[in-house]
Number of protein chains: 2
Amino acid sequence: MKIDERHLIQLAAVVKTGGVTEGAALLGLAQPAVSRTLSMLEKRLGEPLFVRGRRPLQPTTFGLALAEHGFVMLAASRKASDLVESFRVGKSGVVRVGGTPFFMDGLIAGICAEFQSSHPDVRIDQSYGYFPDLRAALKADQIDLAICPIDILDEGSGLEFQQILPGRNVVACRVTHPLLLKRRPQPSHLLEYPWVAPPPGSPLLADLRALLLSFGATELKIRYSGGSLMAVINYLKTADALTIMPHSVVFAQRKDKSITALPITIPHPERALAILSRVDAHRSPAVDQFATFVRSGFESLRHLIKRHEEAVVWGL
Amino acid sequence: MKIDERHLIQLAAVVKTGGVTEGAALLGLAQPAVSRTLSMLEKRLGEPLFVRGRRPLQPTTFGLALAEHGFVMLAASRKASDLVESFRVGKSGVVRVGGTPFFMDGLIAGICAEFQSSHPDVRIDQSYGYFPDLRAALKADQIDLAICPIDILDEGSGLEFQQILPGRNVVACRVTHPLLLKRRPQPSHLLEYPWVAPPPGSPLLADLRALLLSFGATELKIRYSGGSLMAVINYLKTADALTIMPHSVVFAQRKDKSITALPITIPHPERALAILSRVDAHRSPAVDQFATFVRSGFESLRHLIKRHEEAVVWGL
DNA sequence: AAGATACTATAACGGATCGTTATGAAGATC
DNA sequence: GATCTTCATAACGATCCGTTATAGTATCTT
């Protein structure tokens with residue numbers, strides 16, 4: 001015989017609290033409701049669930065056995081409610097975020113860790129990609145957010161762009177690089193050193209091409225390419241090579257004192273780091289929370305960079 | 001946010017089966033019912049539970065997490081249904097049975113074991129007592145059944161008597177007792193041996209008094225009293241003492257070949273072994289099953305005794 | 001690629017039941 | 001034994017639940 005799960009829960013509540021009134025209160029119901037439920041159950045089952053006229057109400061062996069199952073349900077119901085609640089406020093769920101490798105490795109991974117210190121039950125599924133892939137992934141609903149540099153003229157119909165950092169590049173090298181000793185390194189000096197290329201497909205690679213050609217290079221002297229951010233940094237730490245990187249990525253590495261930016265201004269691309277999302281997509285609270293967290297993280301990073309530049313005279 | 005447990009179960013069923021139609025079938029519902037439930041849930045939660053347009057239906061991370069709790073409820077619900085079902089057919093529950101010590105020890109305990117070989121989930125709470133106590137216990141709803149010898153004139157208003165065996169007593173002794181060698185032992189011979197008294201308060205004790213006095217004894221030569229059935233049997237096995245016992249109890253011990261009945265007829269009391277129960281009480285199916293089992297057990301015992309008496313000429 | 005098929009979503013409806021307030025009955029406590 | 005708390009019953013309104021009928025959509029087949 002099937003028993004309404006709600007009735008089992010009411011039974012459990014009454015058994016737990018030892019009274020119809022208290023049990024009803026526990027469930028936020030009026031007393032007659034659960035009283036009727038119990039009467040109905042006893043009539044239906046043809047078996048008393050409580051010994052009559054005892055206070056506190058004492059369950060029958062049978063009633064207790066049934067209530068045990070009710071306890072399970074009550075607990076499961078509570079857990080489900082908690083889950084929903086934590087989900088609604090963005091405290092649980094999944095965030096699928098894709099981004100360009102350097103930003104992800106250099107900045108976002110750390111931000112994810114910070115985010116999860118306040119949202120431990122939010123899982124973050126990260127993936128790599130460049131703008132075309134990310135745009136496709138967004139539209140296919142494979143990721144919730146994309147964090148990548150976008151060109152002004154990038155086509156992004158149906159996508160929402162939230163700019164979070166200007167797309168400024170710098171030339172990076174190790175802190176012991178000889179060029180850092182010069183007062184005012186000239187662009188032509190740059191061509192004297194080997195270069196490390198950003199990953200193929202990245203906007204940075206195009207930037208590097210344009211940069212070197214503008215400096216008068218007839219061909220690219222690429223010594224190393226294809227490495228991740230960590231590979232590039234480790235390469236740079238061991239050789240006097242140069243590479244091009246987003247300023248923010250280099251800035252984030254300042255604590256390590258292994259690489260830094262050359263005090264030379266290079267043409268900045270018409271590009272900005274942005275958070276992309278589908279404009280028509282449903283965004284779970286967790287995704288919203290994460291996006292705002294990333295935005296505020298970059299906001300403070302921008303201020304940090306500003307103050308840093310004011311403090312140390314840039315190029316000294 | 002509280003979620004209707006029924007909805008969680010429906011969600012679980014759909015996740016489990018991978019389809020709305022199959023999930024509805026699993027619960028014995030029509031498809032539109034659970035379809036509406038899902039739509040309503042998604043609207044209420046503001047969060048998709050399934051990825052749209054995929055077959056088999058694939059739950060969202062969130063939907064799956066919620067469904068997990070639904071699984072728990074589904075399982076608990078099934079278990080509760082099974083419990084009710086087994087209870088309804090008397091396959092589970094509790095039987096509280098009280099009875100006189102000798103019958104309980106000598107006959108009922110074994111019958112209980114037999115009963116439970118077919119009803120393993122029925123718990124039997126046994127207690128001892130004589131008629132007045134048992135009647136009180138029945139009326140106070142402390143026991144469901146009483147098994148005891150009752151006098152014809154016992155007052156039992158509100159109680160139902162089901163006679164299961166005539167109340168015939170025999171004189172018991174060990175199988176090596178010298179009186180068994182006599183062709184026709186006379187009542188007077190009985191007085192030459194020490195007697196073991198049944199427990200105080202038992203009808204047997206009154207029977208013993210009456211018997212001995214009718215045999216011309218001026219006083220009772222009681223050597224041992226107060227022991228349980230096992231104590232009495234062990235005493236008898238070690239001495240040529242005599243005692244009075246219900247025939248059925250002695251009969252049940254025949255396998256042990258340690259005690260037997262003297263081939264002497266003694267006046268049988270106006271008494272019968274009966275199953276007592278409150279006439280107005282609710283009896284659970286398990287109690288009913290047990291009562292009928294006991295009745296049928298004694299029924300076959302009665303036939304057994306009859307055939308046994310026809311086979312071995314009684315008194316040889 | 002287009003029809004066929006199967007599954008899901010929506011609409012409309014009848015009815016069960018759930019929860020409420022009001023009130024009476026029964027224990028428990030002093 | 002009187003009072004107070006608690007449980008049971010009655011009446012009622014409304015939610016919502018499950019049903020049938022039907023339209024829309026995705027998958028499969030040839």
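All heavy atoms count here, side chains included; hydrogens, waters and symmetry mates do not. Owing to the predicted nature of the structure, the values given are computational and were not obtained by experimental measurement. Here is the naming used below: chain letters follow the sequence lines, and residue numbers restart at 1 for every chain.
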Q) So, B:Asp133 versus B:Tyr128: side-chain donor-acceptor pair below 3.5 Å or not? A) no

Q) If we ignore angles and hydrogens, is there a donor and acceptor under 3.5 Å between the side chains of B:Ser77 and A:Glu5? A) yes

Interatomic distance where [atom1] belongs to [X] and [atom2] belongs to [N] [whole Å]:
X	N	atom1	atom2	answer
B:Gln31	D:dA23	CD	C1'	12 Å
A:Phe50	C:dG27	CZ	P	17 Å
B:Lys2	C:dG19	NZ	C1'	11 Å
A:Gln58	D:dC7	CD	C1'	17 Å
A:Leu38	C:dG19	CG	P	12 Å
A:Leu41	C:dT17	CG	P	12 Å
B:Leu49	C:dT8	CG	P	15 Å

Q: Using a heavy-atom cut-off of under 4.0 Å over every strand shown, decide if A:Ser35 touches base, sugar-phosphate, or nothing.
A: base

Q: Within residues 59-78 of chain B, find the residues that approach DNA chain D with a heavy atom at under 4.0 Å, and present them sorted by residue number.
A: none

Q.
Under a 3.5 Å distance rule, please check whether A:Ser81 uses its side chain to pair with a backbone N or O of B:Met1 as donor and acceptor.
A. yes

**Q.** Short side-chain to backbone donor-acceptor contact, A:Glu42 and A:Leu49, under 3.5 Å
**A.** yes

Residues 142-153 of chain B side chain polar contacts: donor-acceptor under 3.5 Å, at least two apart:
from	atom 1	to	atom 2	distance (Å)
B:Asp144	OD1	B:Arg96	NH2	2.8
B:Asp144	OD2	B:Arg96	N	2.9
B:Asp144	OD2	B:Arg96	NE	3.2
B:Asp151	OD1	B:Arg271	NE	2.8

Q. Any side-chain heavy-atom pair from B:Gln289 and B:Val122 closer than 4.5 angstrom?
A. no

Q. Are any of the side-chain heavy atoms of A:Ser228 and A:Asp105 separated by less than 4.5 Å?
A. yes

Q) How large an angle, rounded to 10°, do the end axes of the helix from C:dA1-D:dT30 to C:dC30-D:dG1 enclose when each is built from five base pairs? A) 50°

Q: Look at the side chain of A:Glu22 and decide which nucleotide, out of D:dC7, D:dT20, C:dT21, has an atom nearest to it.
A: D:dC7

Report each atom pair, protein N/O against N/O of nucleotides 11-18 of chain D, whose distance is under 3.5 angstrom.
from	atom 1	to	atom 2	distance (Å)
D:dC17	OP1	B:His7	NE2	3.4
D:dC17	OP2	B:His7	NE2	3.4
D:dG18	N7	B:Arg36	NH2	2.1
D:dG18	O6	B:Arg36	NH1	3.0
D:dG18	O6	B:Arg36	NH2	3.3

Q) Taking only residues two or more places apart in sequence or in another chain, which ones pass ring pair (Phe, Tyr, Trp, His ring centres under 6.0 Å) with A:His7? A) none

**Q.** Set of residues satisfying ring pair (Phe, Tyr, Trp, His ring centres under 6.0 Å) with respect to B:Phe102, sequence neighbours excluded
**A.** none

Q: Flag the pair A:Asp125 and A:Arg123 as a salt bridge only when some basic side-chain nitrogen lies within less than 4.0 angstrom of an acidic carboxylate oxygen.
A: yes

Q.
With a 4.0 Å cut-off on N to O distance, would you call A:Glu47 and B:Arg283 a salt bridge?
A. no

Q. Considering heavy-atom distances to DNA chain D, does A:Ser39 or B:Pro32 have its closest nucleotide positioned more toward the 5' end?
A. A:Ser39

Q. Between A:Thr21 and D:dT5, does any side-chain N or O lie under 4.0 Å from OP1 or OP2?
A. no

